Number of protein chains: 4
Amino acid sequence: MSEADERAPRRRQARGERRITQLLQAAATVFCTAGYTASSTNAIAREAGVSPGTLYQFFPNKEAIAVELSGQLLQEMEATYGQVFTPENARLPLDRLIDAVTDPFIEFNKSNPVFLALIKGPDTPGKLAEDHDVLHRSMVDSVIELLAVRSPSMSPAERALVAQMCFTQFKAGLDLVVQQEGEAREPYVRELKSLLYRYLAPLVGTEAVPEAGGGDQSQEQQDRGKQQAKAAPGASLGAH
Amino acid sequence: MSEADERAPRRRQARGERRITQLLQAAATVFCTAGYTASSTNAIAREAGVSPGTLYQFFPNKEAIAVELSGQLLQEMEATYGQVFTPENARLPLDRLIDAVTDPFIEFNKSNPVFLALIKGPDTPGKLAEDHDVLHRSMVDSVIELLAVRSPSMSPAERALVAQMCFTQFKAGLDLVVQQEGEAREPYVRELKSLLYRYLAPLVGTEAVPEAGGGDQSQEQQDRGKQQAKAAPGASLGAH
Amino acid sequence: MSEADERAPRRRQARGERRITQLLQAAATVFCTAGYTASSTNAIAREAGVSPGTLYQFFPNKEAIAVELSGQLLQEMEATYGQVFTPENARLPLDRLIDAVTDPFIEFNKSNPVFLALIKGPDTPGKLAEDHDVLHRSMVDSVIELLAVRSPSMSPAERALVAQMCFTQFKAGLDLVVQQEGEAREPYVRELKSLLYRYLAPLVGTEAVPEAGGGDQSQEQQDRGKQQAKAAPGASLGAH
Amino acid sequence: MSEADERAPRRRQARGERRITQLLQAAATVFCTAGYTASSTNAIAREAGVSPGTLYQFFPNKEAIAVELSGQLLQEMEATYGQVFTPENARLPLDRLIDAVTDPFIEFNKSNPVFLALIKGPDTPGKLAEDHDVLHRSMVDSVIELLAVRSPSMSPAERALVAQMCFTQFKAGLDLVVQQEGEAREPYVRELKSLLYRYLAPLVGTEAVPEAGGGDQSQEQQDRGKQQAKAAPGASLGAH
DNA sequence: TATGAATGAGTGTTCATTCAT
DNA sequence: TATGAATGAACACTCATTCAT
């Protein structure tokens, strides 16, 4: 009896998880086809082959679906490509760092185009706090950590600023990339990486950063300072 | 008699044009509040204080409103800030060129925040061709012309690529800027300009470009070539 | 002065008549294209190149347009084909009588296809009293007169019944005819005439009817009675 | 368990089918009151006492309602009066054939006046293909089959022509009949039957047609040929 | 748990008609 | 006389969400 009591709920939970997966896949399809704002819960339920009522047993509204989908996507991405925002990556030469971070997202977006739809969020302003901001915030935070590892001397405020810029530009660039068809995408990818490289070079240096062991940290800082000066002399011109 | 025949119709049009202005203002408000996709024609009419039928006497649908509004905004911006994409601006030092182009848009967007909503367009994928593409395309084209003046040696394909990147990044950056409140915006503006500067420096040089007058045009080209090489050595690193 | 007083109104009336003609032509076009029920006054005004307000200065509503159009059409048809429902025609041999009455309408409908739309009326039941019934009633009355001339012995009630049947069937047959394209119409016309012929033959006789001069009217009646018996022996079978 | 799985969905359908019946009845009422073209889906929903959304869960649009209603009506008619277009009926004496076919329709239309509204269809020209054409075409086809049984020597083209004429005339006659009130209808019914009788007599003969069993079919054909010649000598007069 | 029926305010759009000019 | 702007209820149809089963 007690066994049955335990098993039944588990079965139900298992079924529930399957339903949720089903619904999230359907939501991904619909979001991609129609855009987030224009997607309807009825359409998602239909796509999932379940009734509207069933959908509302797992999600209280459309936003919750987007939030959950974002979480699942992020999780899936990590499972597929391993941790992207690792300290090891943070210390790579800049070009390799950019590859290490952007390639997985670009690749991932090819098989899960809903990823872009979610990080872009709805065109409705103000309403974005609840919803796709989960994804947004977590990714910006990851970039901030990356910066903290690579450039510990940078102020938290500047880190936040730079991280937001990076993520925003990557998002916009990815959007531009996926608007291209087939082979036309590659030049856009390269251009996006160039942009990030040139933007970051004077801020975080171009060369690999050795792990901050015992001593001599100041020297590393100095080195990187030089790199920066060399890498982008334009950065010393006024505001630029 | 013939005078009256001519005057009478104009009076009607005057009232009509007043309504159109009213409706466009209402549309601007609604687009900003709700986003383009979620804005309804009925909401616009309500905001304008007219009946739905009245709206449809002047605009056949929502897209037409967006198109007209885009046109009016561009016109208004030009009236306020003058032509922005001029050959003279194209030949300025890069930092001043960027100021000359971005400042009016940023400034203008402060009093007309619908501008951003329009260039962002609906979040519906694929459907963007008809309406806000007017704005989009015209601005990208303007950037292409700017590049053509400043860097005639650049291939058309590259010009298109770079112009799209610039516009896309500016759009995204502006979005980021307006998400900030009050004084917090300024650092974002500066960062956006830095980004554009560093991105463009190796492509179009940082210094003023003399007008291609009588002699020695090839020499000027050479000079800029040198600038570029000096400005961003990182550009020679692999794909970056 | 008194001249001016007289001329001005006349000019206005002349203009008015022109406007009315213009509007009626437009209405004819629209009725034919969209059907009566689906035709809108705005569409008629647009087709006529005038404003909705102008239309309502001449017609209080859509029905009034249909009524007036019916009148004009009837008038025009008479002007074109002469009086169709004449006592002379009534006395022709039946086949020639049918030709004399139906051919003008069929011909006329080729150049004025709105004719059919009007005699068919809207598919809305009950509302037809005011509107196209003018045309309908006047035509049924004409058929009744024809019968009265040709078969004075027929009771008024029977005349009414037969006239209505004739007109109804002609209307329906004409509808069938115009649904055919080009040369396919001719067989339908012939079939329609056959139908009318066979229907009427036992009722009004097939041969010419001499004018009812002084004497011998009863003889004529007898003759026609014989014709009928010969023409359609089936008519004596029960209800048929 | 599997039983419950099967029963549950059926219960839902039961409620749904009740609603469908309700909606179709409401549609019948509205079509009769307002005519097909002027009937609105909202009005049907209102008449059925449900919300517009409910209607659209069962029917995608107005036409679908008409189609379904047509189907139900034909089915109901068959359930009430049995098959009407049977080979047995086709071989009856003409007067009894006409009774056998027309009486059920006339009778049925008394309790289901929407039947006429549906076979009349919208007054919009050209647009009639989709919806009520189901009814129209199926009935014309039935008449064609009747003719095929009764007069196998008739060419397919002629059968089609005659069937269309019969159906058209019956439709128009029925319309005329229902415009009359109470007892006034009977004479119109008789007149309509006379008309059909006289029209068809020379084409399909007036007498019963024995089934084409073993021998001597050609003789039967001959007999009917004679009947025809005798029945309507007018048929040999020119076009008539 | 899952269904699918139900809702009712919402969408974009049209209409016959009126009214100020 | 004629305009064209204005109306507001109506249209066909959709939506996120709820509820009885």
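These numbers were taken from a predicted model, which means no experiment stands behind them. Residue numbers begin at 1 in each chain, while the letters A, B, ... track the order of the sequences.
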Nearest-Å distance, [atom1] ([X]) to [atom2] ([N])?
{"X": "N61(C)", "N": "dC15(E)", "atom1": "CG", "atom2": "P", "answer": "16 Å"}
{"X": "Q22(B)", "N": "dT7(F)", "atom1": "CD", "atom2": "C1'", "answer": "14 Å"}
{"X": "R18(B)", "N": "dA5(F)", "atom1": "CZ", "atom2": "P", "answer": "11 Å"}
{"X": "L23(B)", "N": "dT7(F)", "atom1": "CG", "atom2": "P", "answer": "10 Å"}
{"X": "E17(B)", "N": "dA6(F)", "atom1": "CD", "atom2": "P", "answer": "12 Å"}
{"X": "L55(C)", "N": "dT18(E)", "atom1": "CG", "atom2": "C1'", "answer": "13 Å"}
{"X": "F58(D)", "N": "dG4(E)", "atom1": "CZ", "atom2": "P", "answer": "11 Å"}

At less than 4.0 Å, is any side-chain N or O atom of [X] found next to OP1 or OP2 of [N]? Yes or no.
{"X": "Y56(D)", "N": "dT14(F)", "answer": "no"}
{"X": "S51(A)", "N": "dG4(E)", "answer": "no"}
{"X": "R15(D)", "N": "dA20(F)", "answer": "no"}

Of V67(A), I44(A), L24(A), the one forming a side-chain contact (heavy atoms from CB on, under 4.5 Å) with F59(A) is L24(A)
Under 4.0 angstrom, heavy atoms only, what part of the nucleic acid is [X] near: base, sugar-phosphate, or nothing?
{"X": "R46(D)", "value": "sugar-phosphate"}
{"X": "F59(D)", "value": "nothing"}
{"X": "S40(B)", "value": "sugar-phosphate"}

Could you please name the option among [options] that lies closest to any side-chain atom of [X]?
{"X": "P52(B)", "options": "dA6(E), dC13(F), dA9(F)", "value": "dA9(F)"}
{"X": "N42(A)", "options": "dT17(F), dT14(F), dG12(E)", "value": "dT17(F)"}
{"X": "Q57(A)", "options": "dT17(F), dT14(F), dT1(E)", "value": "dT1(E)"}

By nearest heavy atom, map G53(B) and T54(D) onto DNA chain E; which one lands nearer the 5' end? T54(D)
Return the 5'-most residue of the pair P60(C), R19(D) with respect to DNA chain E, ranking by each residue's nearest nucleotide. R19(D)
On a heavy-atom basis, the closest approach of S70(A) and L118(A) is OG-CD1, 3.8 Å
I'd like to know if the side chain of T37(C) pairs up with that of Y36(D) as donor and acceptor (distance under 3.5 Å, no hydrogens or angles considered). no
Dot-bracket for DNA chain F, 5' to 3', counting Watson-Crick or G-U wobble pairs under 3.5 Å, with [ ] for crossing pairs and | for inter-strand pairs? .||||||||||||||||||||
